[in-house]
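All ligand and atom numbering here is 1-based and tracks the order in the structure. Just so you know, these numbers use all the heavy atoms, side chains as well, and skip hydrogens, waters and symmetry mates. Small disclaimer: the values here were computed from a predicted structure and weren't measured.
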Amino acid sequence: MVANKSFLDAVKDRRSIYQLNKEAPKSDKEIVEIVNQIVQHVPSSFNSQSTRVVVLLNEEHEKFWELAKEVLKPQVPEDQYKSGTEPKLNGFKAAYGSILFFEDPQPVEDLRKAFPLYAHHFGDWSEHTSAMHQFAAWTALEAEGFGANLQHYNPIVDQKIQNEWNVPQEWKLRAQLVFGGRAGEAGEKQFKPLEERVFVHGAKN
Ligand SMILES: Cc1cc2nc3c(=O)[nH]c(=O)nc-3n(C[C@H](O)[C@H](O)[C@H](O)COP(=O)(O)O)c2cc1C
């Protein structure tokens with residue numbers, strides 16, 4: 001993280017950056033270390049540690065976006081594919097890496113059995129757990145000088161990924177975080193008034 005950058009500054013600075021390039025501000029080893037720290041320390045419901053990540057760098061990242069193109073091409077009308085889908089996917093391919101976030105259903109199933117009272121919540125809490133990892137990774141990478149954006153090409157790419165990177169069939173792909181050197185700025189963002197979203201009771205000073 002940039003020296004003295006507070007957590008709140010990192011939260012504020014995280015944005016969706018779509019123009020990304022291959023100029024990584026950190027080495028592959030450092031990227032893996034950031035991901036390791038996130039996966040080790042981000043919380044999970046009942047400490048289930050149900051999140052799994054697959055980190056794709058360099059050619060492997062490019063391969064992922066080529067596979068996404070292969071899957072989408074036959075599903076999208078040709079002119080739409082050429083004018084919209086293909087350039088968009090090439091934009092992701094132009095980045096440096098992708099982190100694929102999965103949830104392993106086994107620990108979630110174990111929790112359902114161990115705590116029947118909460119059984120109906122564990123699916124939601126697995127989604128929350130995944131989201132926490134996604135947010136932490138996104139914010140950490142931006143704090144380390146990358147730009148990133150979050151994508152959802154699941155479930156259409158799931159089968160290809162499982163075959164290509166030997167991912168267990170039962171893991172559920174939840175999101176893809178695309179990251180790379182920043183080649184553009186974030187778009188303008190509108191904010192709803194905080195008074196409509198935050199309600200404080202009992203503040204004394
Ligand atoms: C749960 C979640 C799902 C999102 N899914 C996508 C997505 O599939 N594709 C995409 O381009 N952006 C996606 N985004 C990015 C949001 O559109 C973006 O975060 C939001 O507009 C605020 O902009 P900012 O990220 O620049 O702060 C997602 C964000 C969140 C939190």
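Under the 4.0 Å distance rule, the nearest protein heavy atom to atom 11 (O) of ligand 1 falls inside the cut-off. In this structure, atom 15 (C) of ligand 1 has a protein heavy-atom contact shorter than 4.0 Å. In this structure, atom 21 (O) of ligand 1 has no protein heavy-atom contact shorter than 4.0 Å. When distances from atom 4 (C) of ligand 1 to the protein are checked, a heavy atom turns up under 4.0 Å. In this structure, atom 18 (C) of ligand 1 has protein heavy atoms in its sub-4.0 angstrom surroundings.
Residue contact check: Tyr18 has heavy atoms under 4.0 Å from atoms 10 (C), 11 (O), 12 (N) of ligand 1.
Two rings, from Phe122 and Phe46, have their centers less than 6.0 Å apart. For Trp138 and Phe101, the distance between ring centers is not under 6.0 angstrom.
At the top of the distance list for atom 8 (O) of ligand 1, counting protein heavy atoms only, stands His152 ND1, 2.8 Å. Nearest protein heavy-atom neighbour of atom 27 (O) of ligand 1: Lys189 NZ, 2.5 Å. Protein heavy atom at the shortest distance from atom 25 (O) of ligand 1 is Ser16 OG, 2.7 Å.
Residue contacts with ligand 1 leave out Phe135, since none of its heavy atoms falls under 4.0 Å from the ligand. Heavy atoms of Arg14 approach ligand 1 to within less than 4.0 angstrom. Taking a 4.0 Å cut-off on heavy atoms, Leu150 registers as neighbouring ligand 1.
If you run side-chain hydrogen bond (donor to acceptor under 3.5 Å, both in side chains) between Arg174 and each of Glu127, Glu103, Gln134, only Glu127 comes through. Remark: of the listed residues Glu62, Glu66, His61, Glu66 is the sole one forming a side-chain hydrogen bond (donor to acceptor under 3.5 Å, both in side chains) with Lys93.
Neither the backbone nor the side chain of Ala186 has any atom closer than 4.0 Å to an atom of ligand 1 (non-hydrogen atoms only). Residue contacts with ligand 1 for Gln134 are absent, since no atom lies close enough (heavy atoms, distance under 4.0 Å).
Ile17 and Phe135 fall into different hydrophobic clusters, where Ile, Leu, Val, Met, Phe, Trp and Tyr residues are linked whenever their side-chain heavy atoms come under 4.5 Å apart, directly or through other members.
With respect to Glu86 and Lys73, no salt bridge is recorded, no charged nitrogen being found less than 4.0 Å from a carboxylate O. Electrostatic pairing of Asp110 and Lys113 does not count as a salt bridge here, judged by no charged N lying under 4.0 Å from a carboxylate O. Between Arg15 and Glu142, none of the side-chain N atoms (NZ, or NE/NH1/NH2) sits under 4.0 Å from a carboxylate O, so this pair counts as no salt bridge.
Close N/O approach between Trp138 and ligand 1 is not found [any backbone or side-chain N/O within under 3.5 Å].
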### Task
Would you check, one step at a time, whether the test side chain to side chain donor-acceptor pair (under 3.5 Å) holds for Ser98 with Trp65?
CA-CA 9 Å; Ser98 299; Trp65 292 103; 2.9 Å; yes
